[in-house]
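Written below as structure tokens is the structure these notes are about.
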Protein chains: 4
Amino acid sequence: SSSSKLLIKGGTVVNAHHQEVADVYVEDGIIVSVQPNINVGDGVKVIDATGKYVMPGGIDPHTHLDSDYVVTEGIDDFFSGQAGALAGGTTMHINFVIPVNGSLSAGFEAFAEKAKKSCMDYGFHMNVIKWDEDVEKEMEIMVKEKGVNSFKFFLAYKGRSMVNDEVLLKGLKKCKSLGALTMVHGENGDAIVEGQQMMIDLGITGPEGHALSRPPVLEGEATARAIRLAAFVNTPVYIVHVMSIDAMEEIAKAKQAGQRVIGEPIAAGLALDDSGIFDPDFTTAAKNVMSPPIRKSGHDKALQAALSTGVLQLVGTDHCSFNSTQKALGIDDFRKIPNGVNGIEERMHLVWDIMVVSGLITPSDYVRITSTECARIFNIYPRKGAILAGSDADIIILNPNASFEISAATHHTRSDTNVFEGKKGKGKIEVTIAGGKVVWEGGELKVVRGSGRCCSSLSSSLTCCRYSHAAAFAPSMKQ
Amino acid sequence: SSSSKLLIKGGTVVNAHHQEVADVYVEDGIIVSVQPNINVGDGVKVIDATGKYVMPGGIDPHTHLDSDYVVTEGIDDFFSGQAGALAGGTTMHINFVIPVNGSLSAGFEAFAEKAKKSCMDYGFHMNVIKWDEDVEKEMEIMVKEKGVNSFKFFLAYKGRSMVNDEVLLKGLKKCKSLGALTMVHGENGDAIVEGQQMMIDLGITGPEGHALSRPPVLEGEATARAIRLAAFVNTPVYIVHVMSIDAMEEIAKAKQAGQRVIGEPIAAGLALDDSGIFDPDFTTAAKNVMSPPIRKSGHDKALQAALSTGVLQLVGTDHCSFNSTQKALGIDDFRKIPNGVNGIEERMHLVWDIMVVSGLITPSDYVRITSTECARIFNIYPRKGAILAGSDADIIILNPNASFEISAATHHTRSDTNVFEGKKGKGKIEVTIAGGKVVWEGGELKVVRGSGRCCSSLSSSLTCCRYSHAAAFAPSMKQ
Amino acid sequence: SSSSKLLIKGGTVVNAHHQEVADVYVEDGIIVSVQPNINVGDGVKVIDATGKYVMPGGIDPHTHLDSDYVVTEGIDDFFSGQAGALAGGTTMHINFVIPVNGSLSAGFEAFAEKAKKSCMDYGFHMNVIKWDEDVEKEMEIMVKEKGVNSFKFFLAYKGRSMVNDEVLLKGLKKCKSLGALTMVHGENGDAIVEGQQMMIDLGITGPEGHALSRPPVLEGEATARAIRLAAFVNTPVYIVHVMSIDAMEEIAKAKQAGQRVIGEPIAAGLALDDSGIFDPDFTTAAKNVMSPPIRKSGHDKALQAALSTGVLQLVGTDHCSFNSTQKALGIDDFRKIPNGVNGIEERMHLVWDIMVVSGLITPSDYVRITSTECARIFNIYPRKGAILAGSDADIIILNPNASFEISAATHHTRSDTNVFEGKKGKGKIEVTIAGGKVVWEGGELKVVRGSGRCCSSLSSSLTCCRYSHAAAFAPSMKQ
Amino acid sequence: SSSSKLLIKGGTVVNAHHQEVADVYVEDGIIVSVQPNINVGDGVKVIDATGKYVMPGGIDPHTHLDSDYVVTEGIDDFFSGQAGALAGGTTMHINFVIPVNGSLSAGFEAFAEKAKKSCMDYGFHMNVIKWDEDVEKEMEIMVKEKGVNSFKFFLAYKGRSMVNDEVLLKGLKKCKSLGALTMVHGENGDAIVEGQQMMIDLGITGPEGHALSRPPVLEGEATARAIRLAAFVNTPVYIVHVMSIDAMEEIAKAKQAGQRVIGEPIAAGLALDDSGIFDPDFTTAAKNVMSPPIRKSGHDKALQAALSTGVLQLVGTDHCSFNSTQKALGIDDFRKIPNGVNGIEERMHLVWDIMVVSGLITPSDYVRITSTECARIFNIYPRKGAILAGSDADIIILNPNASFEISAATHHTRSDTNVFEGKKGKGKIEVTIAGGKVVWEGGELKVVRGSGRCCSSLSSSLTCCRYSHAAAFAPSMKQ
Ligand SMILES: [Zn+2]
Ligand SMILES: [Zn+2]
Ligand SMILES: [Zn+2]
Ligand SMILES: [Zn+2]
Ligand SMILES: [Zn+2]
Ligand SMILES: [Zn+2]
Ligand SMILES: [Zn+2]
Ligand SMILES: [Zn+2]
């Protein structure tokens with residue numbers, strides 16, 4: 001894999017818009033040619049992909065590598081998280097930046113520093129957790145100088161990152177004026193505090209209290225609110241981690257009326273239900289704790305259905321992993337359990353199995369929801385998200401006849417648990433190529449610290465997101 | 001009409017549950033008997049109601065008599081507003097109490113004092129505009145000692161009466177524990193401030209700016225929020241002045257899922273559209289200014305349809321009248337136009353014409369939505385809201401073959417304008433009897449200051465509302 | 001109980017519009033007085049109802065006593081079915097008439113004859129299963145001479161009673177012109193035949209094939225079709241046996257738009273799920289076979305929720321009972337299992353337990369959905385459906401502190417099985433009074449063949465249904 | 001334009017998945033290369049597209065060239081219709097085949113013959129208007145030997161092409177087994193006959209009677225029915241000419257639940273409202289007559305909104321043009337007015353103006369809904385529907401700064417009227433290239449009879465449609 005020339009022969013090359021049997025030739029990290037029967041000279045590593053799918057590497061739109069969580073830090077840094085990602089067929093991710101002492105710039109610098117150990121390409125979204133003139137100015141700097149064109153607002157986490165409607169409205173307006181995209185974590189934080197207190201008052205302190213204190217109705221409420229305020233401001237909105245029917249239906253309703261709303265389900269929401277968090281074993285239950293909670297059976301199927309028809313558009317993970325010792329901080333009080341699950345390594349396999357093997361979608365659809373749509377939304381298509389001449393050589397080879405099994409014993413990220421423990425399925429990503437290098441092959445991972453690049457810094461064209469440019473849609477102030 | 005004995009002969013007596021031809025005999029303010037062919041002796045005033053409908057007097061669930069509005073006061077006090085009400089067939093109303101210096105008790109006393117000039121019976125709802133321990137204690141006093149069992153929260157009017165979600169949640173919980181009913185004004189106040197500024201920035205300062213700055217999506221949002229937070233707390237909620245399809249659909253959706261939500265459209269929302277507020281004449285436009293705004297054509301028909309099938313349940317007015325001089329305070333800035341329209345005098349005629357004459361509902365349905373349902377919700381049925389032996393003698397006689405026409409020139413309330421100016425229709429309330437006295441007959445109004453009673457102080461059974469008692473419905477924390 | 005004078009003392013008298021503690025005095029089958037502390041002389045049987053609910057006897061809007069089902073006959077005739085009904089607190093039912101050799105009149109005469117053995121009052125709906133001039137004329141005779149004002153059309157049972165859209169449309173128009181009510185069995189019969197063949201082709205011949213061959217989507221489709229064709233003709237429609245979320249949602253949607261649609265869930269749909277029909281024991285599974293099928297868990301809760309808020313309006317049973325020998329006709333082929341379940345005896349107890357004890361509704365609501373609403377729709381209110389002076393003395397006394405248990409071993413109808421076998425709950429109907437006679441008390445049933453009367457023949461005012469009179473609602477041909 | 005080598009320089013090349021500034025080089029009817037700065041030798045015609053959009057030629061999925069309509073024939077044959085199409089930027093269409101004497105094969109042969117005069121490429125859908133063994137066998141022949149993979153069923157046109165649910169179900173099953181796509185004209189034909197008679201009875205014989213007799217509720221009904229029967233059979237369904245909110249909402253609802261439904265609005269439905277058909281001038285009104293009718297204002301905006309977010313997927317025309325003499329056949333009876341409007345020439349301009357210029361969608365979205373999606377659904381992508389190396393050279397050049405105006409005086413199809421008469425907008429298709437030849441440039445049309453090819457006969461891979469292959473989605477018989 002040290003060769004800078006690669007030929008992938010005989011596979012079915014799948015793009016979001018088309019699939020065909022073709023060879024793919026790569027030089028110096030770039031795809032040079034995609035066509036049948038490419039002939040190459042010596043010095044070219046040849047990979048036989050006959051009978052296999054050759055697809056763009058996954059792009060995970062929602063990760064929290066190297067992030068603080070109140071009392072502890074997510075266990076995966078950029079290197080360990082990305083190592084797992086590559087072993088699982090994901091070759092790029094977009095990570096959330098946490099402001100430092102209220103400063104977006106300081107936050108960006110801190111994360112840029114953390115990301116130096118990267119072994120694959122990455123981008124950034126910026127969290128906005130308060131509002132003042134400095135924040136406004138820094139948002140402008142982020143977009144114009146740092147290539148960050150997406151800003152997330154939290155309607156939950158009261159007393160920490162939660163913003164009220166006034167701030168969300170100002171954020172939506174500012175994003176609109178910058179051509180940036182507003183992202184929202186949709187849960188009603190005021191009600192959650194009430195719900196948590198109710199649980200404690202009832203003597204429910206275990207992990208199930210986490211799920212019980214923030215039911216789907218609160219996700220539906222906040223999602224509806226974000227969508228309607230975005231309609232009022234007349235700008236697109238991206239709903240992160242759609243976990244419930246309640247939230248999904250709000251997205252569907254808005255789309256039917258012509259509003260530009262992007263809904264992102266995540267691997268855990270598609271693949272799991274709440275049997276984990278109600279498990280009597282604390283370690284098992286605690287590893288399932290994330291927000292919004294993984295819902296009861298039925299929500300998963302509904303999210304899959306909505307994803308299959310385009311009501312939901314792309315799949316993330318919200319990867320924010322902790323080991324069981326960290327999770328145990330909340331042994332006596334579910335409110336202290338660090339929130340987060342893994343997924344960056346597992347997403348590509350799970351989505352293939354749940355969506356493609358089941359017949360819900362085609363391989364082209366799979367490429368769209370795991371890679372291309374993300375690249376389009378965040379303006380890095382077709383450099384990423386496609387197997388086209390000129391694109392980055394971020395490629396996976398999936399054998400549909402092989403199978404996968406997930407376990408903490410074998411995964412490459414750091415936690416001692418895995419929320420998908422024991423999940424098996426059809427389809428195995430046998431080769432991952434990132435930036436033209438074979439980094440995963442034959443079960444062997446070969447990654448280089450520092451080899452990853454920040455996508456947002458590579459191109460001046462990346463300062464605005466595609467969705468916002470298309471946003472001049474129906475007038476907002478409909479009577 | 002000084003007689004304390006009355007016989008209404010030969011009319012069609014209409015109750016919410018039934019209509020039949022019968023006589024109604026009244027003594028000392030109470031209905032003694034309802035049956036065909038009642039024979040009485042001398043000294044009984046006999047009113048011939050042949051060919052006419054004999055119905056319970058209207059109860060207006062939503063009025064603001066003698067209320068301050070920021071820079072000025074509503075022009076109708078309890079006497080003038082009630083005089084108009086009686087001339088229009090309404091024999092009871094429930095008025096909102098404004099706290100005084102934050103004190104609910106002081107507010108209650110102030111309004112009890114204002115109400116001493118009453119010429120018909122009345123009740124009170126209490127506004128809650130902030131939250132602390134005192135407020136909590138006073139809510140308890142209101143329910144247990146003052147017979148006030150309904151509390152309104154505003155999601156609009158930022159900087160004045162608006163509460164945030166935390167306060168609304170605490171209010172819902174407190175109401176639940178007291179068996180009281182939570183009422184909500186559903187508009188997003190944060191967004192309205194943005195919308196207003198947007199209008200000013202665009203140079204739109206006229207009354208149309210009022211409508212444009214607070215579109216239906218903001219009413220839909222806040223209504224959805226109130227309903228879902230009520231679902232979370234598992235207690236009923238009453239949405240005042242449902243003005244838009246957006247809000248109505250949220251109510252319909254919640255009802256379909258079994259949630260106990262009460263939706264109150266008002267006369268202006270059912271009978272008017274936004275052509276008034278867009279009128280180039282300032283006086284005409286300004287008299288139409290209320291919140292939420294009267295919507296464009298189509299919303300009115302949809303509200304009528306929903307009312308006809310029980311999706312919406314009872315009709316109010318939000319009567320809060322100003323004269324044209326007061327409205328002119330906002331001649332240069334729509335934000336300064338006092339908000340409010342009339343309706344207490346016109347509601348009964350308008351609803352008959354729009355809903356019954358049009359064939360949308362039966363006379364029994366009319367009694368239900370103008371009187372009985374209000375009496376049931378606020379726990380004064382069957383003392384009010386019915387023509388039954390034992391009920392208060394609050395009675396109207398409507399001639400379906402006569403007609404009405406509305407004009408400021410002829411109405412009995414005080415404003416020099418009328419938002420329904422020129423509206424004509426079939427059906428005329430020819431007689432109003434309140435507390436057993438004929439107060440309106442032959443176009444003549446005979447009312448006595450001080451003759452009205454506060455319903456909530458008359459009965460110890462009135463301390464809790466019926467809807468809250470029935471509230472132990474489906475568990476709130478559905479996953 | 002041979003006395004013609006009865007005093008029910010000290011109970012809580014519940015009507016749909018009100019409940020109060022009062023005595024009820026009955027003479028010669030008619031309620032004479034309802035008020036507190038009635039004093040009576042000798043010769044009056046006094047029943048102490050202290051601490052109990054005194055309510056109108058149930059009215060079952062949907063029964064098939066003494067009906068043929070293709071290869072066999074329902075096991076309950078008018079006497080046995082009514083005996084069970086009375087033991088279960090139902091004092092009136094409306095039974096479907098099957099035309100004889102295509103003649104409605106002949107069918108009516110046949111059922112009038114069958115009904116002569118009645119021990120309680122009853123009415124008739126008429127099935128319409130084909131269309132020609134004779135049918136049109138006979139519909140007119142039914143309404144004008146026989147007091148039958150409701151006609152049912154089947155969109156299922158292809159090759160037997162199914163009608164196509166042309167006939168349904170003609171039926172809706174004819175009913176509209178007669179002021180009669182159109183009832184519809186909503187399932188797509190063409191698709192069911194396909195579904196059945198599919199099951200047989202797959203080798204699925206057991207009772208579960210019945211459920212699998214006619215999934216909810218087919219009930220949703222036909223219900224939507226009936227509702228929209230009724231909107232087109234601009235006349236009300238009554239959907240019998242709403243069994244699924246799919247059908248319920250169509251009703252909710254139509255109501256939101258102001259259409260007059262009546263939805264009738266049945267006892268089995270509210271109380272059961274499809275675990276019965278999937279039971280491996282044939283007898284158990286077969287007794288659950290009815291159409292539309294009893295749905296999987298979740299549909300029951302949704303129907304209860306919709307019933308609690310008025311989206312659905314009244315509860316029937318579709319009582320059509322067979323014993324296990326008859327059900328065994330389909331031992332080798334589910335298509336031959338006679339369709340039908342019991343319920344006429346169990347409905348009142350089940351609805352009390354499921355809806356009132358659970359807190360979903362109040363006792364007044366219970367009276368409305370089990371009795372009053374049916375009486376109103378079919379124009380027999382307030383003679384039936386109310387505890388009012390002048391009403392028929394059809395009364396039940398329910399002890400909320402006692403309990404019930406259902407079993408074929410103890411029921412009074414004829415089948416050797418009971419679809420609700422083993423169901424227990426709170427609330428026990430201890431006394432049933434029908435036509436002023438105590439027919440059920442202390443677990444003892446005293447009924448007299450021939451004592452029941454046909455309600456439709458008793459009053460000339462019964463020739464048209466209330467709902468159709470109110471039907472001049474929104475214009476049908478909305479663009 | 002006789003040159004077989006073409007270079008389009010400097011334009012913005014737009015595909016459904018991406019847009020970029022690039023040159024396009026064409027040889028012998030095929031696109032050879034798409035990249036910036038292509039250098040070519042002599043003998044190459046060079047077209048400067050700087051500042052313009054270079055896009056795939058439009059594909060119209062829904063035309064009726066050379067079709068009989070009961071009493072008369074559509075005025076455009078393959079040559080005249082296609083000439084108009086090319087002048088309007090459409091380079092391929094799929095035309096409906098009418099069976100001859102019940103024979104699909106005979107129908108196919110007849111249309112293959114009619115199409116010999118073609119000047120652009122085309123494909124065929126097959127109408128199925130009755131059901132028997134022969135039809136089943138011929139459907140198989142169509143798919144396996146003729147490359148026809150889509151079959152349309154009519155739920156309207158009673159007595160002519162209407163099928164009942166039994167036939168539709170058999171059709172859905174057969175299509176499923178063949179991997180073909182079922183298309184449906186969704187209107188309830190039984191109700192329409194009733195509606196027409198109602199109009200005649202009311203004395204309404206003018207064109208407005210056409211609209212009034214078939215209101216949106218009948219389109220909603222039949223669309224809901226088709227969708228649910230397709231769900232039952234578990235196969236995709238394509239709804240042609242979605243004209244109303246009612247139908248669109250059914251499609252949205254099904255998609256939200258994961259069902260594979262394709263919704264096709266048409267140019268007239270997006271661009272017009274019912275003011276035309278209510279015009280007092282017969283000629284104007286009659287030219288607007290088509291089925292389903294063009295709806296009142298509001299439906300158009302809702303269809304545009306749904307199209308902008310993917311709820312509806314591609315745009316057709318239902319081009320079936322008549323001249324005013326033919327339309328006058330119904331001067332005394334709207335039922336005799338030939339149904340149909342033009343659109344094949346106007347679609348591309350109208351959709352650009354309504355959807356792109358208005359800001360509802362991007363140019364890439366435009367390519368998708370006018371060309372690519374149609375090519376994908378009917379399995380001719382990427383040969384058609386893309387500007388990719390290897391694709392057919394069907395290309396348009398659109399100048400966003402020029403403008404268009406529509407008039408019968410200037411159009412290229414044959415009718416003496418144009419339903420879009422007087423419509424103006426931004427964006428002008430200045431060049432059309434079909435099969436590598438410049439056929440439209442500088443307002444000059446150069447077309448060759450017989451130069452068009454039948455796409456379905458060119459490739460053995462075209463025997464099944466893409467959508468049906470992806471159809472193995474969620475199990476149909478959901479309980
Ligand atoms: Zn989050
Ligand atoms: Zn996150
Ligand atoms: Zn208000
Ligand atoms: Zn108010
Ligand atoms: Zn039935
Ligand atoms: Zn039945
Ligand atoms: Zn058609
Ligand atoms: Zn067509």
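Worth knowing before you read on, the calculation uses all heavy atoms, side chains too, and leaves out hydrogens, waters and symmetry mates. Chain letters run A, B, ... following the sequence lines, proteins first and then strands; every chain starts at 1.
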Atom CD of Glu249(C) and atom NZ of Lys253(D): how far apart are they, to the nearest 0.5 Å?
6.0 Å
Scan side-chain atoms only and decide if Asp201(D) and Gln197(D) contain a donor-acceptor pair under the 3.5 Å cut-off.
yes
Could you look at Asn188(C) and say if it's the side chain, the backbone, both or neither that has a heavy atom under 4.5 Å from chain D?
side chain
Please flag which part of Glu250(D) lies under 4.5 Å from any non-hydrogen atom of chain C: side chain, backbone, both or neither.
side chain
Other residues, nucleotides, ligands: >12 heavy atoms within 6.0 Å of Lys173(C) NZ:
yes
Given Asp246(D), Leu218(D), Ile227(D), the one with more heavy-atom pairs under 4.5 angstrom with chain C than any other is Leu218(D)
Run the side-chain donor-acceptor check on residues 204-211 of chain C: report pairs under 3.5 Å with partners two or more places apart or on a different chain.
residue	atom	partner	partner atom	Å
His210(C)	NE2	Met290(C)	O	2.7
His210(C)	NE2	Ser291(C)	OG	3.3

